[in-house]
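To start, the structure itself, in structure tokens.
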Amino acid sequence: CTSLVAEDKAGKLYHARNLDFGLFLGWDIKNNSWMVPEYLKPLTVNLDFQRNNRTVFKSTNFAGYVGVLTGMKPGTFTLTMNERFSIDGGYIGIIEWILGKRSGVWMSFLTRSVLENATSYTQAKDQLANTEMLAPAYFILGGNQSGEGCVITRSRTACLDIWELDLKRGRWYVLETNYDHWKVPLFLDDRRTPAMKCMNLTTQAKISLESIYDILSTKPVLNKLTTYTSLMDVSAGTIESYQRNCPDPCMPW
Amino acid sequence: SAQFVPPYTEDCRKGMYPPTGPTFKGSVPWYKINLDSAPRKRWNQLINDKKVELTNLIQVIKDLAIDFFPSGKLIELVDKGLAPLVDTLPSPFDEELKGIADVSGVPLGEIMLFNIFYEVFTV
């Protein structure tokens, strides 16, 4: 996965992501692609969750999956989740759950609840940072005011880091793949450097949904695991998602 | 690193939007989910439309499981072991998963697996 929150010169915030999934879950030799992503793509749907006929939040989901990996509360905040690898992982949380220790929350139920119930960027950040979980994760959160954008690095039980936009110091975007931002990514899976190179080449002056789509279409940010790309404009309240393909030659991850 | 060896890394793309061409597979349809309706019913329309694709996804994961565990024990474990766990989930997720299993015809344990796959995948 690659998620980013960027602020343009006018203080407008954009949030976008590639949803990559299905590593090592079966390779389709005939089509030269992973199997699971090809079955996930036609399940991709945009959802408008409503109460009293009014939008509470919107999301991009796989049909049948009730949690949220990509979502937005229009005019308030946007949220995506990227996987975080850790030896203290979700399987420990599942074993604890089965053994009756139920204080943790399932990752995608947490994101769904935050989108459903949080009323501000700050409240969302607090809930995502401080709720005990069954599995580690990265939460990428964007708000609707200048400077409201961060990557929250979570272990199962604690918030390890919150990496915020900082325009005074030239940090006009935050970008997360699947590795702690203060560490070098795995040398065989560095999508961060190419993505940041393209962000820097685009510059803050020219950042827009269109140029972000270009960046998320650049290999290896786009790869064989990419199922969809989502572009979110919180002030306009729009979320647009597109199923993706990565024609050969293309990185398997 | 190995990843920077062309052609796996390309120059920053331009003019990709609006999405067209070989990297664009298709647009994504919209659905409304009415949170005022019962959790067990609110996903019915969507799942009715997508139950073939959902069944196909679950089948490909089951085929993978059979590759690793030909005896079928793993699938049996999912169907028998995970289904009861749905009742341990907080509301409204427990009822929503049951509604999806009802309409799709996919066993409840397998719908549960799909919805907690993030935690399971870490294995």
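Quick note on labels: first sequence line is chain A, next is B, and so on, each numbered from 1.
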Using non-hydrogen atoms only, which part of Ala195(A) is less than 4.5 Å away from chain B: side chain, backbone, both, or neither?
neither

Least distance between heavy atoms, Leu43(A) atom then Lys50(B) atom
CD2-O, 3.9 Å

Interface residue of largest heavy-atom contact number with chain A, from Leu57(B), Asp11(B), Asp49(B), under 4.5 Å:
Leu57(B)

When Asn53(A), Ile215(A), Asn52(A), Leu134(A) are compared by non-hydrogen pairs under 4.5 Å with chain B, the top option
Asn52(A)

Side chain from CB out, backbone as N, CA, C, O: work out which of these in Asn223(A) comes under 4.5 Å of a heavy atom of chain B, or both, or neither.
neither

Pick one of side chain, backbone, both or neither for Trp30(B), based on which atoms fall under 4.5 Å of a heavy atom in chain A.
both

Heavy-atom contact with chain A under 4.5 Å, split by part of Ser104(B)
neither

What pair of heavy atoms forms the shortest contact from Arg84(A) to Ser155(A), and how long is it?
NH1-CA, 4.0 Å

Met107(A) portion near chain B, given a 4.5 angstrom heavy-atom threshold
both

Given salt bridge (charged side-chain N to carboxylate O under 4.0 Å, His left out), test Lys98(B) with Asp87(B) step by step and report yes or no.
CA-CA 10 Å; Lys98(B) 289 173 184 173; Asp87(B) 289 320; 2.6 Å; yes

Quick one: what part of Ile87(A) sits under 4.5 Å from any heavy atom of chain B, side chain, backbone, both or neither?
neither

Counting only non-hydrogen atoms closer than 4.5 Å, does Pro18(B) touch chain A with its backbone (N, CA, C, O), its side chain (CB onward), both, or neither?
neither

So which part of Arg244(A) gets closer than 4.5 Å to some heavy atom of chain B, the side chain, the backbone, both or neither?
both

In terms of heavy-atom contacts, Arg156(A) and Gly89(A) come closest through CD-O, 3.4 Å

Name the residue from Thr2(A), Thr80(A), Thr70(A), Thr229(A) that meets the side chain to side chain donor-acceptor pair (under 3.5 Å) definition with Arg17(A).
Thr70(A)

Given the rule in the side-chain hydrogen bond (donor to acceptor under 3.5 Å, both in side chains) test, do Ser103(A) and Lys101(A) qualify, once you have shown the distances and angles that lead to the verdict?
CA-CA 6 Å; Ser103(A) 52; Lys101(A) 179 178 181 294; 3.1 Å; yes

Pick from Arg102(A), Arg112(A), Lys41(A): which one has the most heavy-atom pairs with chain B under 4.5 Å?
Arg112(A)

Checked Gly93(A), Gly67(A), Gly90(A) vs chain B; the most non-hydrogen pairs under 4.5 Å come from Gly90(A)

Residue part contacting chain B, namely of Met81(A), when any heavy atom lies under 4.5 Å:
side chain

Is Ile95(A) close to chain B through its backbone or its side chain, or both, or neither, when contacts mean heavy atoms under 4.5 Å?
neither

Atom group of Leu54(B) that falls short of 4.5 Å from chain A, counting heavy atoms
both

Between Thr60(A) and the options Leu69(A), Asn46(A), Val68(A), the side-chain contact (heavy atoms from CB on, under 4.5 Å) test singles out Asn46(A)

Phe21(A) versus chain B, heavy atoms under 4.5 Å apart: side chain, backbone, both or neither?
side chain

For Leu47(A), is it the side chain, the backbone, both, or neither that has a heavy atom closer than 4.5 Å to a heavy atom of chain B?
both

Which portion of Leu25(A) sits near chain B, non-hydrogen atoms under 4.5 angstrom
both

Heavy-atom pairs under 4.5 Å with chain A: which of Tyr118(B), Tyr31(B), Phe24(B), Phe114(B) has the most?
Tyr118(B)

For the residue pair Phe109(A) and Phe93(B), does the interplanar ring angle fall in the parallel (under 30°), tilted (30 to 60°) or perpendicular (over 60°) class?
parallel

Provide the closest heavy-atom pair for Cys250(A) versus Leu222(A) in the form atom of the first, atom of the second, distance.
SG-O, 4.1 Å

At their closest point, which heavy atom of Asp79(B) faces which heavy atom of Pro107(B), and how far apart are they?
OD1-CB, 3.8 Å

Choice from Val60(B), Asp36(B), Leu89(B), Ile100(B) maximising heavy atom contacts with chain A below 4.5 Å
Asp36(B)

Tell me, please, which residues at least two apart from Ala83(B) pass side-chain contact (heavy atoms from CB on, under 4.5 Å).
Leu108(B)

Centroid-to-centroid, Tyr228(A) to Phe62(A), below 6.0 Å?
yes

Report the option among Glu38(A), Met35(A), Lys58(A), Met133(A) that has the most heavy-atom pairs separated by less than 4.5 Å from atoms of chain B.
Lys58(A)

Picking from Ser211(A), Ser108(A), Cys198(A), Ser86(A), which has the most non-hydrogen pairs under 4.5 angstrom with chain B?
Cys198(A)

